[in-house]
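Worksheet for the structure shown next.
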Amino acid sequence: MIKAFHMADLHLGSEFSHLDKSKAQVRKNESRLSFLSQINNAYDKGARVYFISGDLFETRPFLKEDMDILEDTFSKHNDCKFFLCFGNHDYICDDDYTYFSEKFGDNVYIFNQEMGMYEFDEYRVYGISFCDVFQKSSLLDGFVAENDKKINIMVIHGDLTGTSKYNPILNSMIEKSGLDYIALGHVHMYSGMNKAGNTFYCYPGTHEGKGFDELGEKGGIYLEMEKGRVNYEFVPGQIRKYVELHINAEGISNSSLLISNIISAIREPKDLYKIIIEGEISQDLIINADAMVKTLEEYAFFVKIYDETQLKINLDDYMGESSLLGGFVREVKEKLDSEPSEREHWMKVLKKGFQLLK
């Protein structure tokens with residue numbers, strides 16, 4: 001039996017540009033520490049084989065700090081085997097392959113742009129890396145593993161979409177591959193375990209969320225593999241989560257009550273929150289997103305607010321007014337009647353106008 005851990009898409013060196021400089025540096029450091037922590041946690045569970053399926057780095061050139069954390073982690077676990085391939089963000093060239101091979105110890109097995117294989121008593125691991133940003137032809141097409149009693153594994157970065165520019169992989173290729181497990185990388189969400197023919201395959205997702213398009217738990221997959229059988233467990237291990245909250249502001253009369261509701265919905269202060277405020281609101285409720293963010297800063301690591309509320313108002317009540325507000329309402333009403341396809345836009349204009357003129 002092989003006890004292994006599958007990770008991918010570390011994107012070490014990510015800039016976290018949606019954060020201010022200080023918090024971005026915190027997240028950059030945490031991404032490195034999260035990697036180390038998840039390697040250690042998997043080790044404690046019994047893993048002695050690790051698959052890292054591409055995009056270890058966010059971009060080229062690779063940062064020294066990221067190289068150092070990898071080198072230190074691999075050397076501290078010299079009783080383990082680490083299998084690395086590279087993807088579209090950190091594609092590998094001949095000089096890179098030589099550099100990595102010399103920098104890391106004998107327990108680190110690196111795949112370059114040609115299909116490679118490392119063989120051991122119980123199993124063999126195949127793998128291949130990108131050599132450019134795009135890989136329009138499939139690196140798996142036509143591949144067939146050796147057919148014997150050994151467990152056949154592949155470490156590869158690719159996309160399960162036939163039209164992809166990032167190593168398109170079809171189910172038919174997986175089914176014909178003769179592999180027992182394909183350790184995939186590229187998709188940042190955990191896919192669950194899948195099977196085509198006799199071949200299991202899975203995306204573990206990224207180990208630490210990088211933005212609000214990567215919500216929820218992040219981690220890797222702990223595997224116990226025998227020939228023809230794969231037991232698995234998704235193991236979350238991220239330091240902070242990206243969380244999206246939807247807050248209904250209908251019936252709330254002032255911003256203090258709204259902020260109180262948001263605070264009650266924030267479960268974990270260390271996380272990052274995208275807060276979407278919804279519902280029909282009265283003209284008395286003024287939503288100042290910037291001011292609310294400043295108030296909420298002490299309740300979460302990061303907060304971003306989106307105001308998607310609609311103003312609950314009877315326009316006819318203001319049509320006869322001679323005030324600036326009345327004139328504004330009449331102009332917006334004219335636009336609503338003449339441009340029905342732009343209703344959402346003009347309702348936002350109406351709400352903004354009321355906040356300024358009321």
Side-chain angles (χ1 to χ4, degrees), residues 1-11 38 42 45 47 49-56 83-88 111 115 117 122-130 135-147 150-209 213-238:
M1 176 188 289
I2 305 171
K3 295 183 179 181
F5 193 63
H6 174 197
M7 304 180 75
D9 297 281
L10 308 178
H11 288 268
Q38 292 184 47
K45 290 177 72 69
V49 178
Y50 292 83
F51 311 123
I52 306 179
S53 305
D55 284 358
L56 287 77
F83 298 90
L84 316 180
C85 77
F86 294 80
N88 54 295
F111 297 102
M115 184 67 71
M117 185 266 286
E122 191 178 356
Y123 64 98
R124 60 176 67 89
V125 182
Y126 298 88
I128 189 168
S129 293
F130 281 43
Q135 178 60 48
K136 295 181 181 180
S137 60
S138 178
L139 298 172
L140 190 64
D141 191 17
F143 173 86
V144 180
E146 294 187 41
N147 184 15
K150 289 190 177 183
I151 304 168
N152 288 312
I153 302 155
M154 179 171 285
V155 181
I156 194 168
H157 200 81
D159 194 346
L160 301 177
T161 306
T163 57
S164 175
K165 297 182 289 187
Y166 304 105
N167 183 25
I169 297 173
L170 302 179
N171 260 31
S172 58
M173 298 174 191
I174 296 173
E175 188 172 355
K176 295 173 184 176
S177 68
L179 294 161
D180 294 285
Y181 182 72
I182 301 180
L184 289 168
H186 187 61
V187 174
H188 288 200
M189 295 292 292
Y190 171 51
S191 68
M193 188 62 68
N194 300 279
K195 192 176 184 183
N198 295 319
T199 303
F200 293 90
Y201 63 96
C202 188
Y203 287 108
T206 185
H207 76 305
E208 192 80 26
D213 55 344
E214 298 178 2
L215 302 173
E217 301 280 7
K218 303 298 175 187
I221 306 166
Y222 175 72
L223 302 154
E224 293 183 351
M225 292 185 286
E226 294 177 337
K227 186 66 178 179
R229 184 179 67 84
V230 175
N231 288 336
Y232 67 96
E233 175 190 358
F234 176 76
V235 183
Q238 77 283 347

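A quick note: this is a predicted structure, and the numbers were derived from the prediction, not measured.
- Of the possible donor and acceptor atoms, none in the side chain of Thr206 sits under 3.5 Å from a partner among the backbone N and O of His188.
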| message | His157 vs Asp55, test: side-chain contact (heavy atoms from CB on, under 4.5 Å). Steps then yes/no. | response | CA-CA 8 Å; His157 200 81; Asp55 284 358; 3.3 Å; yes
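- No side-chain heavy atom of Asn88 sits less than 4.5 Å from a side-chain heavy atom of Gln135.
- Side-chain contact between Lys150 and Lys227: absent, with no pair of heavy atoms (C-beta onward) separated by less than 4.5 Å.
- Side-chain contact between Met115 and Tyr126 is present, with heavy atoms from C-beta onward closer than 4.5 Å.
- Judged purely by atom type and a 3.5 angstrom limit, Asn231 has no side-chain atom pairing as donor or acceptor with the backbone of Arg229.
- Counting only distance, with no hydrogens or angles, the side chain of Ser53 and the backbone of Ala183 share a donor-acceptor pair below 3.5 Å.
- Without hydrogens or angle criteria, Asn167 side chain to Leu139 main chain gives a donor-acceptor distance under 3.5 Å.
- With Ile182 as the partner, the side-chain contact (heavy atoms from CB on, under 4.5 Å) test is satisfied by one option alone out of Ile153, Asn152, Leu140, Ile169: Leu140.
- Close placement of the His6 and Tyr181 rings is indicated, their centers lying within 6.0 Å of each other.
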| said: Phe111 vs Val125, test: side-chain contact (heavy atoms from CB on, under 4.5 Å). Steps then yes/no. | reply: CA-CA 10 Å; Phe111 297 102; Val125 182; 3.9 Å; yes
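- Phe200 and Tyr232 have their aromatic ring centers separated by at least 6.0 angstrom.
- Under the 3.5 Å distance criterion, the side-chain polar atoms of Asp180 are left unmatched by any main-chain donor or acceptor of Glu226.
- In terms of heavy-atom proximity, Asn194 sits nearest to Ser191 at ND2-OG, 3.6 Å.
- In terms of modelled atom types and a separation under 3.5 Å, the side chain of Ser177 and the main chain of Phe143 share no donor-acceptor contact.
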| request: Check the pair Glu208, Lys218 against side-chain contact (heavy atoms from CB on, under 4.5 Å), reporting the backbone distance first and the verdict last. | output: CA-CA 6 Å; Glu208 192 80 26; Lys218 303 298 175 187; 5.5 Å; no
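- Nearest heavy-atom pair, Leu10 versus His207, reported as atom, atom and distance to 0.1 Å: O-CE1, 3.3 Å.
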| request: Please assess Lys176 against Val144 for the test side-chain contact (heavy atoms from CB on, under 4.5 Å), listing each intermediate value before the final yes or no. | output: CA-CA 7 Å; Lys176 295 173 184 176; Val144 180; 5.6 Å; no
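- Looking at Glu214, its side chain never comes within 3.5 Å of a backbone N or O of Met189 through a donor-acceptor pair.
- No donor-acceptor pair closer than 3.5 Å links the side chain of Tyr166 to the backbone N or O of His186.
- Scanning all heavy atoms of the two residues, the minimum distance from Pro168 to Gly162 falls at CB-O, 3.6 Å.
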